[in-house]
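Accompanying notes for the structure given below.
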Amino acid sequence: MISLVINPGSTSTKVAVFENDQELFGQNISHPTEELAKLSTIDQQYQFRKDAILHILKEQQQDLQKLDLIMSRGGLLKPLSSGVYQVNTQMIDDLKNSPRQHASNLAAMIALDIAEELGINAYIADPVVVDELQPLARYSGNPLFPRRSIFHALNQKAISRQYANDIERHYEDLNLIVVHMGGGISVGAHEKGQVVDVNQALDGEGPFSPERSGTLPVGDVIRTAFSGKYSEQEMLQMVVGKGGMVAYLGTNDAYQVELNAQAGDAKAMEFYEAMAYQVAKEIGSMSTVLKGKVDAILLTGGLAKSRMLTKLIEERVAFLSEVKCYPGEDEMKALAFNGMLLSQGELEIKKYQ
Ligand SMILES: Nc1ncnc2c1ncn2[C@@H]1O[C@H](COP(=O)(O)OP(=O)(O)O)[C@@H](O)[C@H]1O
Ligand SMILES: CCCC(=O)OP(=O)(O)O
């Protein structure tokens, strides 16, 4: 079974071709801040990201006719249970009308476009809206603004299962704090296989990230929003796209910031320390959700490739439990694995409605 796997993130587009769960070809296309700045809305990135995917496939001489199905990252749909869903027109409508914008919204659209041309099906797995929050986690502080579950569900679940496998235990028997650090940063409290609390990692709360502000002082934000100096879109971009590292240092490339820090750039170094500090604080907060019973803290995502950052986090949270790093992400393999299981009839395909 041959699958095409498509994964647009805020700072990258990942594309791969798998034979069952073995990668035949894979590429990570990075999108620097200057490139994304030319496309002010996610809708405007649709053609750009689709072209990038098709260009790479052509360059690598991948024969699309041999594909059996397409697996893609799931975007900002209504809250869903974990699992695999076939892409349908209802899903595409909801993605197009989503009040929130994120690159993951493009995945199913691009997947369906390519799939229809080839006469095959497209699917998503564990979308960013997987919702397993416990009732107490839904309180914010005002009933107008319930807390929502928007996070790196696919990778957090895949890495948790990988860790459980590594220690020969079941995910459903463990309490884990999983930290995904990519363009956005999410910190999830996994209690016996359920993500019972997690920061709303898109435009909600939590640590700042390469391109997001995370939690901001809300009164100051409201006064700035009503100051007449900024449009709604400019305010939203301060939170997603032009927040965090982009706001402080003008780039979404943490690797470059790290090189600058190592070369003696004090501003870059302090920024890195502050990012680690905020991530560690969020981990501390999630440890209270699990009442201190934490089997392991797992650090993953593109930023977990940075030993400098993971060390800074580890020295603040190691007192809580073992800390393990899973650099990069397992999303592509997890998507391909789900595709393989469903082609073998071993997985229920959920209907999005
Ligand atoms: N070795 C590394 N050291 C530090 N940061 C890295 C490294 N490799 C990648 N990154 C950073 O990780 C971020 C991208 O992470 P990724 O999980 O691919 O993001 P997304 O999927 O959200 O686009 C970028 O800021 C990139 O510079
Ligand atoms: C919308 C939550 C998932 C997320 O932030 O993904 P990226 O880090 O890939 O932008």
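The first residue in the sequence is number 1, and the count goes up from there. Atoms within each ligand, like the ligands themselves, are counted from 1 in listed order.
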For this session: Kindly confirm or rule out an N or O of Pro210 lying under 3.5 angstrom from an N or O of ligand 1.
Result: no
For this session: Look only at interatomic distance and state if Met181 has a nitrogen or oxygen under 3.5 Å from any nitrogen or oxygen of ligand 1.
Result: no
Exercise. Honestly curious: do Val17 and Leu112 fall in one hydrophobic cluster under the side-chain, below-4.5 Å linking rule?
Worked result: yes
For this session: Below 4.0 angstrom from a heavy atom of Thr11, which ligand 1 atoms are there? Numbered from 1 as shown, please.
Result: 14 (C), 19 (O), 20 (P), 23 (O)
Exercise. What do we get for Lys14 next to ligand 1 when only non-hydrogen atoms under 4.0 Å count, side chain, backbone, both or neither?
Worked result: side chain
Seminar exercise, completed: Within 4.0 Å of some non-hydrogen atom of Tyr272, the atoms of ligand 1 are 4 (C)
Exercise. In the protein, what heavy atom is nearest to atom 27 (O) of ligand 1, and what distance, to one decimal place, separates them?
Worked result: Asp253 OD1, 2.8 Å
Exercise. Is it the side chain (CB and beyond), the backbone, both or neither of Glu329 that lies under 4.0 Å from ligand 2, heavy atoms counted?
Worked result: neither
Problem set entry | Ser287 side chain reached by Ile177 side chain, heavy atoms, under 4.5 Å | yes
Exercise. Under 4.0 Å from any heavy atom of Ile150, which atoms of ligand 2 are there?
Worked result: 1 (C)
For this session: Give yes if a backbone or side-chain nitrogen or oxygen of Asn252 is under 3.5 Å from a nitrogen or oxygen of ligand 1, and no if not.
Result: yes
Problem set entry | Closest protein heavy atom (residue, atom, distance) for atom 5 (O) of ligand 2 | Arg212 NH1, 2.5 Å
Seminar exercise, completed: So OG of Ser98 and NZ of Lys78: to nearest 0.5 Å the spacing works out to 12.0 Å
Problem set entry | Heteroatom proximity flag, Tyr255 to ligand 1, N/O under 3.5 Å | yes
Exercise. Under the 6.0 Å and 45° cation-pi test, does Lys350 pair with Tyr123?
Worked result: no
For this session: Just need the protein heavy atom nearest to atom 6 (C) of ligand 1, so name the residue and atom and give the distance.
Result: Gly302 O, 3.6 Å
For this session: Would you please determine whether Gln200 falls within less than 4.0 Å of ligand 2 on a heavy-atom basis?
Result: no
Exercise. If you count the atoms of ligand 1 from 1 in the order shown, which ones are under 4.0 Å from a heavy atom of Ser306?
Worked result: 3 (N), 4 (C)
For this session: Could you list the atoms of ligand 1 found under 4.0 angstrom from a heavy atom of Ser12?
Result: 18 (O), 20 (P), 21 (O), 23 (O)
Seminar exercise, completed: Closest heavy-atom approach to atom 7 (P) of ligand 2 among Lys14, Met181, His152 is made by His152
Exercise. Is the shortest distance from a heavy atom of His31 to ligand 1 less than 4.0 Å?
Worked result: no
Exercise. Is Gly183 close to ligand 1, meaning an N/O of one under 3.5 Å from an N/O of the other?
Worked result: yes
For this session: Would you mind listing which atoms of ligand 1 come within a distance below 4.0 Å of any non-hydrogen atom of Ser10?
Result: 22 (O), 23 (O)
